[in-house]
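The structure under discussion appears below in the form of structure tokens.
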Amino acid sequence: MNRLNAHFYQQDAVTVAEKLLGKILIRVFDDGTTKRYRITETEAYLGEEDKACHASKGRTARTDIMYSDGGKIYVYLIYGMYWMLNVVTGTENHPQAVLIRGISRIIGSGKVGRELKIDKSFYGEDLLSSDRIWIEDAPDESDFSTALRIGIDYAGEEWRDKAWRFILKQEQNQAK
DNA sequence: CCAGTGATCAGG
DNA sequence: CTGATCACTGGA
């Protein structure tokens, strides 16, 4: 299978979030072992207008990477414990990203970061050229559901109510 | 229900 | 510098 290319990541976050379902995430760990995971749950964060998106605060040291061309990794630490793994999408100066919420049988953004041993060194990592993390193509999935994004009640009606969470049906049944 | 845990950002 | 907040999880 081939790596997803720049064109794929340059699409808007909502499109990429949906299309990432079923794609294969590869991680080569420091000890040399390689693991492959299927992406099963994602969430889109789109632009400075999106009050739920970190870029709604404008361009800061933390959000800077979201302003770059799609295909980079955006990571941040939440609650002092969990590294959230995001894929930057869109084109330059259009800040947006897709949060990876579930891979294979690991459901939950915090657990994903833990499983993949993500840390600050992944900030800005290039999915097109990295030798320790990338995503490979797979057929588009159509059997998925959408839902409201989690943990963003502060965002206000307009953005809180966007069904920008995408869940592979199959995995939903497997969960719990 | 709620505590843990620390980077980040706005405000002095 | 300070302090509030946080795209979460796991254990009462």
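To find a chain, count down the sequence lines: A is the first, B the second, and so on, and within it residues start at 1. Below, all heavy atoms of this structure are taken into account, side chains as well, without hydrogens, waters or symmetry copies.
- For the pair A:Thr42 (side chain) and A:Ala17 (backbone), a donor-acceptor distance under 3.5 Å is present.
- In this entry the distance linking CG of A:Asp153 with C1' of C:dC6 reads 13 Å, nearest Å.
- Residues that satisfy the side-chain contact (heavy atoms from CB on, under 4.5 Å) test with A:Ile78, not counting sequence neighbours, are A:Tyr76, A:Tyr82, A:Met84.
- At distances below 3.5 Å, at least one donor-acceptor pair connects side-chain atoms of A:Tyr123 with backbone N or O atoms of A:Arg62.
- Listed by first residue number, the stems of DNA chain C with at least three Watson-Crick or G-U pairs below 3.5 Å are B:1-4 with C:8-11, B:6-11 with C:1-6.
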With B for base contact, S for sugar-phosphate-only contact and - for none (protein heavy atoms under 4.0 Å), nucleotides 7-12 of chain C reads BBSS--

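- Of the options A:Thr89, A:Thr91, A:Asn86, a side-chain hydrogen bond (donor to acceptor under 3.5 Å, both in side chains) to A:Gln96 is made by A:Thr89 and by none of the others.
- Side chain of A:Thr40 to backbone of A:Arg105: no donor-acceptor contact under 3.5 angstrom is found.
- For A:Asp30, the CG atom counts as loosely surrounded, since its 6.0 Å shell holds 12 or fewer non-hydrogen atoms of other residues, nucleotides or ligands.
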Let me have the donor-acceptor pairs involving side chains of residues 136-143 of chain A, under 3.5 Å, with sequence neighbours excluded, atom names and distances please.
from, atom 1, to, atom 2, distance (Å)
A:Glu136, OE2, A:Trp134, NE1, 3.1
A:Asp140, OD1, A:Lys23, NZ, 3.0
A:Glu141, OE2, A:Arg38, NH2, 2.8

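- Identified under the ring-ring contact (aromatic ring centres under 6.0 Å, His included) test for residues 7-47 of chain A, with sequence neighbours left out: none.
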If you restrict it to nitrogen or oxygen atoms, what contacts under 3.5 Å exist between nucleotides 10-12 of chain B and the protein, and what is each distance?
none

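- Of the residues listed (A:Arg59, A:His94, A:Glu48), the one engaging A:Tyr67 in a side-chain hydrogen bond (donor to acceptor under 3.5 Å, both in side chains) is A:Glu48, and it is the only one.
- Comment: A:Arg149 does not engage A:Glu43 in a salt bridge, judged by the lack of any side-chain N to carboxylate O separation of less than 4.0 angstrom.
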